[in-house]
Amino acid sequence: MAKSKNNTSPEVYKMSENIRVRFAPSPTGALHIGGAHTALFNWLCARHTGGTFILRIEDTDRERSTPEYEQSIMDGMRWMGLDWDEGPDKPGQFGPYRQSERMESYTKYANQLLDAGLAYKDNGAVLFKVPSGKIVTFDDEVYGHIEVLSDNASVNQDGTIKDIVIIKRDGMPTYNFAVVIDDFTMNINMVIRGEDHIINTPKQLLIYHALGFKPPKFAHLPMILGKDKKKLSKRQGATSVFEYNDLGYLPDGVFNFLALLGWSPKNGQEVFTREEAVKLFEIGSVTKKPAVLDMDKLNHINQEQMKIMDPYKLLEIIKPFWRGLGLNITACSDDYLASSLQTMGGRGQTTMQLAEYSDYFISFDAVKERYKADDINEERRPALKKFYSELLGTSEFTPEAMESFTRSWIETNESSMKEVALPLRWVLTGRKVSPGVFEVAAQLGKEECCRRLEYYNLI
RNA sequence: GGUCCCUUCGUCUAGGGGCCUAGGACGGCGGGUUCUCAGCCCGUUAACAGGGGUUCGAAUCCCCUAGGGACUGCCA
């Protein structure tokens, strides 16, 4: 139970050396939630320390890597708001940023090992000779001190030492070799990646030592598990981050939620903007325990993020959902739509719900489809008609004015708020639930309220 | 099998020897506010995997056991 936390905090870099971290996905699939988590923590670390965030594409698997996936990973990162300072599309002094384009350095260092007698050729591949009897150690920023005997770093089934392939028969470097060369030549001084790589670290360290490279610091992140506590599989939400968008989650919601997996700010804050996250983030307070994805919590965080989001920004995100529901929003102004969203008052946990719950602000047809007015008691109709007519006559068509008018009316007419407000809600929204009915009425405007009441013969 | 890692409420976590009869959040349950719902407010539910040490004192340190995970590819 290695509990010793490393004492070197990233803040140290602030004063001495610019921190350089990287996210290095292989373009063999879209950006899934685990990748997004790793990317996020790298990004947070870089932004918190004022360091540099590098995107490197690990496309040495020629079979499975595609430019489409590379594009989709970058789109996914942009969606989350994770911008990088150097990458395939953002050349810097340490490029290129695709492994397939850095072949010279792999052959150069492979040859160096070959010349030094630390590697050998076999069957067209180049193998690194794993030394025996060396103790490999490193102090992980998250997991603490880790120590492995070199004999155990890479073994065959029978327990004998297995040399590490560094250049494949097709001439491409293997993962364990390419990361070392790239992280060194790109000046990466902090490697933040998933815990599944912790076991690869000794192998890589052996190569660092053989080449005489100074190793970076390592910070491994806890895995993210599904509800069944198993590693996230393809069918469990490990799918593209865009699916979260389609499901109704805000980039800020996913960002906030993911930041809380394996980390929590010292001040206990749970809902925060990305600026606040950058300020609060510390790699040293990352947890070791694998975290289970909890959709209830995501829903809650997402709802909170919708509440603090700029109304017009939120509007642009909601628009596609309205269109998806078949609503024609072209007739409505952005001001009207944004203010309708405000009227919703934080109701709904996802953008999809918000869009659906607010449809009556855009279309009366949606209301007509839902509400047939067959619950209206004919004996009461005249009284309702009288009241609604007077209500619409209120000179000031504000929620406050309407409410106070209603309160005094029900008093003198021996009615109740329920009796008049509930039917009005149905007529205006076609729903049983909505924001305060006077807020809704005010937002719809007198004219539209009139139209809806007329349709149902209630005015 | 081997190597490495992990283990606090259902879930995310706080906790680094006495502040812990273990705190917060989400969820659940109950109540309040109210034109409905959401919200908000109040209350409640529920955990230190087990066993040995060390210590005046352990969720916190050590050891063992159990469980879980990762890796064991010329994938990354």
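Everything numeric in this text was worked out from a predicted model, so none of it was measured. Naming: A, B, ... by sequence-line order, numbering from 1 per chain.
Residue contacts shown for Gly194(A) are absent, as no nucleic acid heavy atom lies under 4.0 Å away. Within 4.0 Å (heavy atoms only), Ser26(A) reaches sugar-phosphate atoms of the nucleic acid but no base atom. Residue-level contact check: Gln303(A) touches the backbone only, with heavy atoms under 4.0 Å from sugar-phosphate atoms and none from bases. Across all strands, Tyr357(A) comes closer than 4.0 Å to no nucleic acid atom at all (heavy-atom distances). Using a 4.0 Å heavy-atom distance criterion, Arg431(A) is classed as making no nucleic acid contact. The residue Asp158(A) sits apart from the nucleic acid: no heavy atom pair falls under 4.0 Å. No contact: Asn299(A) has no heavy atom under 4.0 Å from any strand. Glu270(A) comes within 4.0 angstrom of a base, heavy atoms only. As judged by a 4.0 angstrom heavy-atom cut-off over every strand, Val292(A) is placed among residues touching the sugar-phosphate backbone only. Pro202(A) comes within contact range of no nucleotide atom at all, as no heavy-atom separation falls under 4.0 Å. Note on Ala125(A): a base of the nucleic acid sits closer than 4.0 angstrom, heavy atoms only.
For the residue pair Thr174(A) and Asn176(A), no side-chain donor N or O sits within less than 3.5 Å of a side-chain acceptor on the partner. Using a 3.5 Å distance cut-off with no hydrogens or angles, the side chains of Thr185(A) and Arg102(A) do pair a donor with an acceptor.
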Sort me out a list of protein N/O and nucleotides 40-43 of chain B N/O pairs below 3.5 Å, or just none if empty.
none

Output a table of nitrogen or oxygen pairs between the protein and nucleotides 65-70 of chain B separated by less than 3.5 Å.
{"from": "A70(B)", "atom 1": "O2'", "to": "Asp196(A)", "atom 2": "O", "distance (Å)": "3.3"}

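Considering only side-chain N and O atoms, Lys162(A) lies under 4.0 angstrom from the phosphate OP1 or OP2 of G73(B). For the pair Lys266(A) and A14(B), the criterion of a side-chain N or O lying under 4.0 Å from OP1 or OP2 is not met. Side-chain N/O atoms of Lys297(A) include none lying less than 4.0 angstrom from OP1 or OP2 on G27(B). OP1 or OP2 of C35(B) sits under 4.0 Å from a side-chain N or O of Arg407(A). For C6(B), one of the phosphate oxygens OP1 or OP2 lies less than 4.0 angstrom from a side-chain nitrogen or oxygen of Lys288(A). The side chain of Thr60(A) contributes an N or O atom lying less than 4.0 Å from OP1 or OP2 of A76(B).
With the nearest nucleotide of RNA chain B identified for both Met172(A) and Met417(A), Met417(A) has the one nearer the 5' end.
The residue from Trp43(A), Phe272(A), Phe41(A) that alone fulfils the ring-ring contact (aromatic ring centres under 6.0 Å, His included) condition with Phe255(A) is Trp43(A).
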